Amino acid sequence: FAVLNVVGAVFVQQALKTAASDEDLAFRQKERDIASYNRKVKKLFCSIDGSGDGNISLDEFTKLVQSPKLKFWMSQLELEYHDL
């Protein structure tokens with residue numbers, strides 16, 4: 001029985017290490033996903049800002065809404081058109 005207890009303890013210890021490692025991997029993946037989303041949003045806003053002044057005017061936004069590229073950009077940001 002002592003051998004089974006030791007084997008069981010080793011198994012549990014390894015399972016806990018694996019779970020902690022998986023948690024770290026999931027956290028790092030989430031950080032990468034957030035960074036990727038931020039890059040996409042920045043790229044979208046830079047493409048909208050035709051004047052290059054760092055602001056999006058109503059005129060620039062109106063042009064975007066009428067643009068066929070809008071659906072592409074929204075899909076890149078995992079948004080639906082009606083979310084706008």
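Just so you know, these numbers come straight off a predicted model, no measurement behind them. One is the number of the first residue; the rest follow in order along the sequence.
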Study note, to complete from the structure: The reported gap from OG in S47 to CD in E60 (rounded to nearest 0.5 angstrom) is 10.0 Å
Review point. Would you find a donor on one side and an acceptor on the other, under 3.5 Å apart, between the side chain of S36 and the backbone of R32?
Key: no
Practice item. Would you indicate whether the side-chain heavy atoms of F45 and D49 approach each other to under 4.5 Å? Key: no
Review point. Rounded to the nearest 0.5 Å, how far does OG1 of T62 lie from CD1 of I48?
Key: 11.0 Å
**Study point:** Contacts of type side chain to side chain donor-acceptor pair (under 3.5 Å), residue D53, not counting sequence neighbours
**Key:** S51
**Study point:** K40 atom NZ, neighbour heavy-atom count above 12 within 6.0 Å
**Key:** yes
Check your understanding: Taking only residues two or more places apart in sequence, or in another chain, which ones meet D33 in a side chain to side chain donor-acceptor pair (under 3.5 Å)?
Key -> Q29
Point to revise | Residues which pass side-chain contact (heavy atoms from CB on, under 4.5 Å) with I34, listed by chain and number, not counting sequence neighbours | key: K30, N38
Revision key, fill the gap. To the nearest 0.5 Å, atom CD of Q66 lies from atom CZ of F61 at 10.5 Å
